[in-house]
There are 2 protein chains.
Amino acid sequence: MKIRLLLVDDHQVVRSGLRMLLSNESDVEIVGEAGTAHDAMDAVDSLLPDVVLMDIGLPDLSGIDATRAIKSAHPEVAVVALTIHEDEEYFFKMLEAGAGGYVPKRAAPEELLTAIRAAAAGEVYLYPSLAKLLVKDYLIQEHSSEAGKVLDGLTEREQEVLRYLAEGVANDGIAEALVISVKTVARHRENIMQKLRLHSRSELVRYAIRKGIIKP
Amino acid sequence: MKIRLLLVDDHQVVRSGLRMLLSNESDVEIVGEAGTAHDAMDAVDSLLPDVVLMDIGLPDLSGIDATRAIKSAHPEVAVVALTIHEDEEYFFKMLEAGAGGYVPKRAAPEELLTAIRAAAAGEVYLYPSLAKLLVKDYLIQEHSSEAGKVLDGLTEREQEVLRYLAEGVANDGIAEALVISVKTVARHRENIMQKLRLHSRSELVRYAIRKGIIKP
DNA sequence: GCTTGCATGGGGTGTCGCCCCCACGTCAAA
DNA sequence: TTTGACGTGGGGGCGACACCCCATGCAAGC
């Protein structure tokens, strides 16, 4: 079963080049071409290809918007971005639009083929320079949500109370959970708010979320 | 300038196979081999390779721990995971340990070479089936923080009040800001909480952060 | 031995949050 | 035209919260 491919690029020569390049592959069949975003969307509607090779710089709509539209109407159609852009912004936007691959035009032909095959299988191929950006983003997300532990000089008991406060539990609920009096809970809360220079439960909740003590 | 490579795998045959496979490449030079995590760390210390090809299943320490140790001592040495494991857990842990690539053993030889070259250049190669997992994770992070706009049937005025409530402003402060009475603010708050099925300011703050109305 | 910090309590006071009740003007939809 | 949603405003009540005061016991450290 061949992979049915739609080429989208506003330059005729680029499409022809891709056609030359890909027509030698036994598992790929080019079923259509489009030079604008609207043509691409129409072509997807009528041809239902397995994979769309999508340029970003198109004359009418951007390839990002086109991808969003295609994925919205046909979630089963995979879209691989093939573009000269290697900046962070386009890359992340394309991912959010639902792209199943991102390959810069300077990539080797085999990499493009790998991306097409991966996309057809429902997987994702990312070019190494861009995968690096995504991993970086992932690590930032991770580290911003741990990194706590110290908690600005709060005692153990205060940290314990803080976890309950952050979740919005009332004083008497915390007292029950920790088997201490409501007054003591209030006392701890006062100390916590003084140490952290906070002035309401709301600020406390935001503080706890920033510190990763609780999930939003 | 050749890429200086260290092979780490507990099976002699696998190392020999990789040596066969890679020795034909003109830009790769295998400078050493190791069968255990400790041998690998010693070898990195003495040889300072550009790239380490790291198995995960090692007899003494896991390749993940070994990677963490290597990146901690020599951040400039790139580590590419080459393993039979394709589960989410190992993959994410390896990323956190600082791996600059992740390739399952079933991958094609060219993909391994792409990964080695990408890692040597400070980039990241991820095998498509795993890149998919990372993108999925990324999209979850994103969508949990945007996706707002509609706000579950709140009226304009209610949304306005919600923004203040979320920031922890007290009723009279909101009343002053919006030039309405405290009672009206309270009225709006009640309606908001009823519509969103929330029961305290704390829950309201967390809701607002999830919806991206305010930053944590 | 004495201070210091921590956790534990009690009392008081005033504000605020949360939940009912009500009313009126406006504007759009039925 | 009438109905309904929306924004506005008010009254009353109860409990929780925020901010003070105070004291006790216990461990660590000077």
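Within every chain, numbering begins at 1; the chains are lettered A, B, ... in the order of the sequence lines, protein sequences first and strands thereafter.
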A.B. asks: Is there a donor on the side chain of B/Lys183 or the base of C/dG17 sitting less than 3.5 Å from an acceptor on the other?
C.D. replies: no
A.B. asks: Taking atom P of D/dC17 as reference, at what distance in whole Å does atom CZ of B/Arg201 sit?
C.D. replies: 13 Å
A.B. asks: When you compare the side chains of A/Tyr164 and A/Arg189, does any donor N or O come within less than 3.5 Å of an acceptor on the partner?
C.D. replies: no
A.B. asks: Rounded to the nearest angstrom, tell me the gap between atom CD in A/Glu203 and atom P in D/dC17.
C.D. replies: 16 Å
A.B. asks: Assess whether salt bridge (charged side-chain N to carboxylate O under 4.0 Å, His left out) is satisfied between A/Arg117 and A/Asp50, documenting all intermediate values.
C.D. replies: CA-CA 10 Å; A/Arg117 290 179 185 127; A/Asp50 297 314; over 6 Å; no
A.B. asks: Using a 4.0 Å heavy-atom cut-off across all strands, classify A/Asn191 as base, sugar-phosphate, or nothing.
C.D. replies: nothing
A.B. asks: Please report, rounded to the nearest Å, how far the P atom of C/dT8 is from the CD atom of A/Glu190.
C.D. replies: 15 Å
A.B. asks: Base, sugar-phosphate alone, or nothing: which one does A/Arg189 contact when heavy atoms must sit under 4.0 Å apart?
C.D. replies: base
A.B. asks: If I take atom CD1 in residue A/Ile192 and atom P in nucleotide C/dG5, what distance separates them, rounded to the nearest angstrom?
C.D. replies: 18 Å
A.B. asks: Please determine, by modelled atom types, if A/His11 and A/Asp55 share a side-chain donor-acceptor pair under 3.5 angstrom.
C.D. replies: no
A.B. asks: Ignoring hydrogens and geometry, is there a side-chain-to-backbone donor-acceptor pair from A/Asp60 to A/Ala37 under 3.5 Å?
C.D. replies: yes
A.B. asks: For the residue pair B/His85 and B/Tyr90, categorise the inter-ring angle as parallel (less than 30°), tilted (30 to 60°) or perpendicular (more than 60°).
C.D. replies: tilted
A.B. asks: Is the distance from OP1 or OP2 of C/dT8 to the nearest side-chain N or O of A/His188 less than 4.0 Å?
C.D. replies: yes
A.B. asks: Answer yes or no: does a side-chain N or O of A/Arg157 lie under 4.0 Å from OP1 or OP2 of C/dC6?
C.D. replies: no
A.B. asks: Describe the nucleic acid contact of B/Ser181 in one word from base, sugar-phosphate, nothing, applying a heavy-atom distance below 4.0 Å.
C.D. replies: sugar-phosphate
A.B. asks: Round to a whole Å and report the spacing from CG of B/Asp172 to P of C/dG14.
C.D. replies: 18 Å
A.B. asks: Rounded to the Å, how far apart are A/Ile174 CD1 and C/dT8 P?
C.D. replies: 13 Å
A.B. asks: Which nucleotide sits closest to the side chain of A/Thr184: C/dT8, C/dC16, C/dG17?
C.D. replies: C/dT8
A.B. asks: Over how many whole Å does the gap from A/Leu204 atom CG to D/dC19 atom C1' extend?
C.D. replies: 15 Å
A.B. asks: Ignoring the backbone of B/Ala170, work out which of D/dC17, D/dT8, C/dG17 is nearest its side chain.
C.D. replies: C/dG17
A.B. asks: Taking the side chain of B/Arg187 as heavy atoms from C-beta outward, which of D/dC17, C/dC21, D/dG12 is closest to it?
C.D. replies: C/dC21
A.B. asks: Taking CD from B/Glu158 and P from D/dC6, how many angstroms apart are they, rounded to a whole number?
C.D. replies: 7 Å
